[in-house]
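From a predicted model like this one, the values you see are computed outputs, not experimental measurements. Just so it is clear, the values below take in all heavy atoms, side chains as well, and ignore hydrogens, waters and symmetry mates.
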Amino acid sequence: MAQVSLRNISKVFQGNVEAVKKVSLGVDNKEFLVLVGPSGCGKSTILRIIAGLEESTGGEVYIGDKLVNDTPAKDRDIAMVFQNYALYPHMNVYDNMAFGLKLRKIPKEEIDKRVNEAAAILGIDKLLKRKPKELSGGQKQRVAVGRAIVRKPIVFLFDEPLSNLDAKFRVMMRTEIHKLHNQLQTTMIYVTHDQVEAMTLGDRVAVMKAGVIHQCDAPMNIYDRPVNKFVAGFIGSPPMNFMAGTLKKKDGKLFFDEGNFHVRVDESFSSALSSSVDKEIILGIRPEDIYDKFFIAEAKPETTISVTVDVVEPMGAEVYLYLNTGKHSFIARVGTRSTPEVFKRQDVVFDMAKAHFFDSKTEKTII
């Protein structure tokens, strides 16, 4: 069994820089867990601590039932795929993939079998005689993954493996890594700053900031029920829109008053927001939950607002509208039928049943 358990892991670098702050995290056997967060949040440090490439300042690391704090990296039965591929330039693809097995004195027949099996899985079986300089970025990354596969580790670690690839190859390799996990059924821990990778790859996603895991859950649970404003804004593309305002009550109904507009709060939120009446509050609404004028006929006037169109970005299958209330700028993601004019006023509709509300001081989710 290849569970990974982190118990109160801390890491303090020279100069009293606290990179990881008492992180506890469990990764189940055969699970694909993604650590995601902005640069410098401590996610790669955690991965290196699991790998044994970095010593923790405090806490315990278990792989399976074994405490591995004092176990050298080579004896932890893990394989790590790096951002920069780390291929030997003087070796061909076959030798790059076989090198670690040769050091372990694995029989030649077994090495040949493993390398050819891994190459077939990754579609690089025709590249085995090429040197790294003869490969594209995507091919190099496949070789790096293949080198990890041949070791047959109990845990795979990926440290931002796709960040050096262009957009097209990132999508292709993301799909390949997903397929690989389904084929190998091995525990995988994957680090990225790209929330799209996190959402599409992970069985669970751990969202980090400043050395702390803010939320760890299934991707759609994080998307639909973020625990705070940071998580809500980090997960989603384009990101969630935020607007500061005051919660008002009139004729038994709750309204969010931004200053230049007010919208009625969905009745289902009344109980949760009752203690926030007449207080400053933050409204969060995702771009896809804002509709353009084609939906106005179906909309309630209480959820329709007038805004200025700053920028229109056609994206092919959809259109991004950059809008302005006079106090806040925000983005709407709408259908291609939308043809607004820049710098003109336009009515848009908020789907308030899908809105989120955050405490203005703590930034924690109210509902």
Backbone N/O of R147 and side chain of R151: donor-acceptor pair under 3.5 Å = no

request  = Mind running side-chain contact (heavy atoms from CB on, under 4.5 Å) on I111 and K102 for me, showing each step along the way?
outcome  = CA-CA 8 Å; I111 291 175; K102 291 176 180 177; 3.8 Å; yes

message = To check you understand the geometry: which heavy-atom pair defines the closest contact between L247 and V265, and what is its length?
response = CD1-CG2, 3.8 Å

request  = Report the distance from atom CE of M352 to atom CG of D289, rounding to the nearest 0.5 Å.
outcome  = 10.5 Å

ask   = Are V115 and I106 connected, step by step, through hydrophobic side chains (Ile, Leu, Val, Met, Phe, Trp, Tyr) whose heavy atoms are closer than 4.5 Å?
value = yes

request  = Using the rule that two of Ile, Leu, Val, Met, Phe, Trp, Tyr join whenever any of their side-chain heavy atoms come within less than 4.5 Å, decide whether L128 and L101 are in one cluster.
outcome  = yes

query = Taking C-beta and beyond as the side chain, do C216 and V207 meet within less than 4.5 Å on heavy atoms?
reply = no

ask   = Transitively linked via ILVMFWY side-chain contacts under 4.5 Å: V307 with V342?
value = yes

query = Counting only heavy atoms not in N182, do more than 12 sit closer than 6.0 Å to its CG atom?
reply = yes

task = In sequence, state the C-alpha distance, the side-chain angles, and the governing distance for V12 and V17, and then conclude on side-chain contact (heavy atoms from CB on, under 4.5 Å).
result = CA-CA 5 Å; V12 180; V17 177; 5.8 Å; no

message = Hydrophobic cluster membership, with links at side-chain heavy-atom distances under 4.5 Å among I/L/V/M/F/W/Y: are I189 and F156 in one?
response = no

ask   = Out of curiosity, D351 CG to R286 CZ, how far, rounded to the nearest 0.5 Å?
value = 13.0 Å

request  = Assess K66 against Y62: is NZ or CZ under 6.0 Å from the centre of the six-membered ring, and within 45 degrees of the ring's axis?
outcome  = no

note = The reported gap from CD1 in I121 to CG in N116 (rounded to nearest 0.5 angstrom) is 11.0 Å

query = Given side chains that start at C-beta, do those of I235 and M199 come closer than 4.5 Å, heavy atoms only?
reply = yes

key: Heavy atoms from other residues, nucleotides or ligands near CD of E55 exceed 12 (cutoff 6.0 Å)   = no

message = Please check this pair: side chain of E110 against backbone of P107, looking for a donor-acceptor N/O pair closer than 3.5 Å.
response = no

Closest approach of G42 to V20 (non-hydrogen atoms, all atoms of both residues) = O-CG2, 3.9 Å

inquiry  = Using salt bridge (charged side-chain N to carboxylate O under 4.0 Å, His left out), reason through E134 and K131 one step at a time and then give a plain yes or no.
reply    = CA-CA 6 Å; E134 301 173 282; K131 298 281 183 68; over 6 Å; no

inquiry  = Centroid separation under 6.0 Å, is that true for the rings of H262 and F256?
reply    = no

request  = May I ask you to decide whether E117 forms a salt bridge with R114, counting only side-chain N to carboxylate O separations under 4.0 Å?
outcome  = no

message = I want to check something: taking the side chain as every heavy atom from C-beta on, are M315 and Y320 in contact at a cut-off of under 4.5 Å?
response = yes

query = So which heavy atom on N8 is nearest to which on S24, and how close?
reply = N-OG, 2.9 Å

inquiry  = Ignoring hydrogens and geometry beyond distance, is a side-chain donor-acceptor pair present between E258 and T325 at under 3.5 Å?
reply    = yes

note = Tightest non-hydrogen contact, residues I366 and S276, listed as CD1-OG, 3.8 Å

key: Stacked cation flag K129 on Y94, 6.0 angstrom / 45 deg   = no

inquiry  = The test is side-chain contact (heavy atoms from CB on, under 4.5 Å); show your working for R264 and L254 and say whether it passes.
reply    = CA-CA 6 Å; R264 186 180 172 185; L254 289 180; over 6 Å; no

ask   = Does E60 CD have over 12 foreign heavy atoms under 6.0 Å away?
value = yes

key: Pairwise side-chain contact, L87 with K140, heavy-atom cut-off 4.5 Å (strictly under)   = yes

ask   = Taking the six-membered ring of F255 as reference, does the NZ or CZ atom of K248 fall below 6.0 Å from its centre and within a 45° cone about the axis?
value = no

key: L162 side chain reached by M173 side chain, heavy atoms, under 4.5 Å   = yes

query = Short question: side chain of N92, backbone of R130 - any donor-acceptor pair under 3.5 Å?
reply = no

ask   = Can D347 and T304 be counted as having a side-chain donor-acceptor contact under 3.5 angstrom?
value = no

query = If only atom types and distance count, is the side chain of T192 paired as donor or acceptor with the main-chain N or O of V36 below 3.5 Å?
reply = no

key: Atom pair NZ (K364) and CG (D359), whose distance is rounded to the nearest 0.5 Å   = 9.0 Å

message = Test of understanding: clusters of I, L, V, M, F, W, Y form through side-chain heavy atoms closer than 4.5 Å, transitively. Do F234 and I213 belong to the same one?
response = no

request  = State, to 0.1 Å, how close T365 and P226 come at their nearest heavy-atom pair, and which atoms those are.
outcome  = OG1-O, 2.7 Å

request  = Give a yes or no on whether a salt bridge exists between E318 and R333, defined as a side-chain N under 4.0 angstrom from a carboxylate O.
outcome  = yes

ask   = Parallel under 30°, tilted from 30 to 60°, perpendicular over 60°: which one fits the rings of F269 and F357?
value = perpendicular

message = Would the distance check show the side chain of H328 and the main-chain N or O of A244 forming a donor-acceptor pair, the cut-off being under 3.5 Å?
response = yes

message = Between R345 (side chain only) and S306 (backbone N and O only), is there a donor and an acceptor less than 3.5 Å apart?
response = yes

query = CD1/I63 to CZ/R76 distance, rounded to the nearest 0.5 angstrom?
reply = 6.0 Å

message = Looking only at the aromatic ring of each residue, does the gap between the centers of F330 and F350 stay below 6.0 angstrom?
response = yes

inquiry  = Tell me whether E363 contacts the main-chain N or O of S360 through its side chain, where contact means a donor paired with an acceptor under 3.5 Å.
reply    = no

ask   = Hey, does V143 have a side-chain heavy atom less than 4.5 Å from the side chain of M97?
value = yes

ask   = Side chains of T186 and F32: does their closest heavy-atom pair fall under 4.5 Å?
value = no

request  = Please work out which of the three classes, parallel, tilted or perpendicular, describes the rings of Y88 and H90, given edges at 30° and 60°.
outcome  = perpendicular

query = Is the number of heavy atoms from other residues, nucleotides or ligands under 6.0 Å of K113 NZ greater than 12?
reply = no

Salt bridge flag under 4.0 Å for residues D28 and R204 = no

message = Less than 4.0 angstrom from a charged side-chain N to a carboxylate O is my criterion; do K253 and E302 meet it?
response = yes

ask   = To the nearest 0.5 Å, what is the distance between CG (D75) and OG1 (T71)?
value = 7.0 Å

query = With no hydrogens and no angle check, is any side-chain donor or acceptor of S10 less than 3.5 Å from a backbone partner on G58?
reply = no

Audit row: L157, Y190, side-chain contact (heavy atoms from CB on, under 4.5 Å) steps and yes/no = CA-CA 6 Å; L157 305 177; Y190 187 103; over 6 Å; no

query = Donor-acceptor pair, N241 side chain versus I285 backbone, under 3.5 Å?
reply = yes

message = Quick check against the 3.5 Å criterion: does T308 have a side-chain atom that pairs as donor or acceptor with the backbone of K344?
response = no

request  = Starting from the C-alpha separation in whole Å, work towards a yes-or-no answer on side-chain hydrogen bond (donor to acceptor under 3.5 Å, both in side chains) for S163 and Q83.
outcome  = CA-CA 7 Å; S163 59; Q83 177 181 348; 3.0 Å; yes

message = Between F158 and F82, does the ring-ring contact (aromatic ring centres under 6.0 Å, His included) criterion hold? Intermediate values first, please.
response = CA-CA 6 Å; F158 294 88; F82 296 92; over 10 Å; no

ask   = Do you know the tightest heavy-atom contact between A148 and A79?
value = CB-CB, 3.7 Å

message = Would you say that S56 contacts I49 through its side chain, given a criterion of any heavy-atom pair below 4.5 Å between the two side chains?
response = yes

